[in-house]
Amino acid sequence: MTTMSGQVWLSLTSLGGVVLGGILSYLVQHRTQLSAERAEQQRQQNALSEARRAERLALLERFIEVSAEAERTAYSRPSEWEDTDAWYVTTRDVTYRFWVADRLIRIQFPPPVYDAAHAHFLDLNRAVWEGLPDGESVRDYLEGNRSAFLDTARAAMG
């Protein structure tokens, strides 16, 4: 009977080792899986952040490009114009695209960036459609809010 009881203890000890090894293996695999999931989530978050940054940068580029086109129309503004003039047709199209770019800035950026962009938009829109008083330079009139917009956009982009 002593031999049998030794064999039972040996079997139970062996079974206990197998159970303990299985539990430890499960815990290690579980921790590894959690770590891999966290790493994947972080990778996806980084990819999303980079995609959003690229989208914002493209939007800023579009806004600045259309702003420059609108500024050129302000410089070439005739003292009198008709709805059928080439200047009016070109300017109408440019200011429409500028308006759309302004609204997209509102959607994609925090309020300080939009506020600065919109102030620049309003200045440029006024210069294009209403003109400026005699002796006032388009460049000087636009410089303050344009610089404020660029500085605010740079700060938001990091």
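By convention here, the first residue in the shown sequence is residue 1.
Between Glu55 and Arg52 there is no salt bridge, since no side-chain nitrogen of the basic residue lies less than 4.0 Å from a carboxylate oxygen of the acidic one. Using a cutoff of 4.0 Å between basic side-chain nitrogens and carboxylate oxygens, Glu65 and Arg62 are not scored as salt-bridged.
Within the 4.5 Å cutoff, the side chain of Leu150 has heavy atoms near those of the Ile64 side chain. Counting only heavy atoms from C-beta outward, the side chains of Asn125 and Phe98 never approach each other to under 4.5 Å. By the 4.5 Å heavy-atom criterion applied to side chains, Thr91 and Trp129 are counted as neighbours. Thr84 is not listed as a side-chain neighbour of Val89, based on a closest heavy-atom distance of 4.5 Å or more.
Ring geometry for Trp81 against Tyr88 counts as parallel: the plane angle stays under 30°, on a 0 to 90° scale with 60° as the upper cut.
Under a cut-off of 6.0 angstrom, the local environment of OH in Tyr96 is sparse, with at most 12 non-hydrogen atoms contributed by other residues, nucleotides or ligands. Residue-environment remark: CD (Glu143) exceeds the threshold of 12 foreign heavy atoms within 6.0 Å. Annotation for Arg106: atom CZ does not count as buried by contact number, only 12 or fewer foreign heavy atoms lying within 6.0 Å.
Atom CG of residue Asp123 and atom OH of residue Tyr141 lie 4.0 Å apart, to the nearest 0.5 angstrom. If you take CG on Leu20 and OG1 on Thr13, they are separated by 12.0 Å, rounding to the nearest 0.5 Å. Annotation: the span from Arg103 atom CZ to Tyr114 atom OH amounts to 4.5 Å, rounded to 0.5 Å. Here CG of Leu104 is found 5.5 Å from CG of Leu59. Values are rounded to the nearest 0.5 Å.
Residues Gln41 and Glu37 bring no donor and acceptor atom of their side chains to less than 3.5 Å of each other. The closest side-chain donor-acceptor pair between Glu40 and Gln44 falls under 3.5 angstrom. Side chains of Asn46 and Gln42: a donor on one and an acceptor on the other come within 3.5 Å.
Closest of all the heavy-atom pairs between Phe149 and Val113 is CD1-O, 4.1 Å. Between Ala116 and Thr152 the shortest heavy-atom distance is CB-OG1, 4.0 Å. Here the closest non-hydrogen pair linking Ile105 and Phe63 is CG1-CD1, 3.9 Å. A pairwise comparison of heavy atoms in Ala153 and Leu60 identifies CB-CD2, 3.9 Å as the closest pair. Of all non-hydrogen atoms in Ala74 and Leu124, the two that sit nearest each other are CB-CD1, 4.4 Å. Heavy-atom minimum distance, Ser67 versus His120: OG-NE2, 2.7 Å.
A donor-acceptor pair under 3.5 Å is formed between the side chain of Thr32 and the backbone N or O of Val28. In this structure, Arg56 contributes its side chain and Gln108 its backbone to a donor-acceptor pair below 3.5 Å. No donor-acceptor pair under 3.5 Å is formed between the side chain of Ser147 and the backbone N or O of Gly144. In this structure a side-chain-to-backbone donor-acceptor pair under 3.5 Å is present from Ser49 to Gln45. The main-chain N or O of Thr90 is never found under 3.5 Å from a side-chain atom of Asp93 such that the two would form a donor-acceptor pair. A side-chain donor-acceptor contact under 3.5 Å links Arg77 to the backbone of Val128.
Note on Ile107: it clusters hydrophobically with Phe109, by side-chain heavy-atom contacts below 4.5 Å among ILVMFWY residues.
Evaluation of the salt bridge (charged side-chain N to carboxylate O under 4.0 Å, His left out) rule for Glu130 yields Arg126 as partners, not counting sequence neighbours. Arg139 meets the side chain to side chain donor-acceptor pair (under 3.5 Å) test with no other residue; sequence neighbours excluded.
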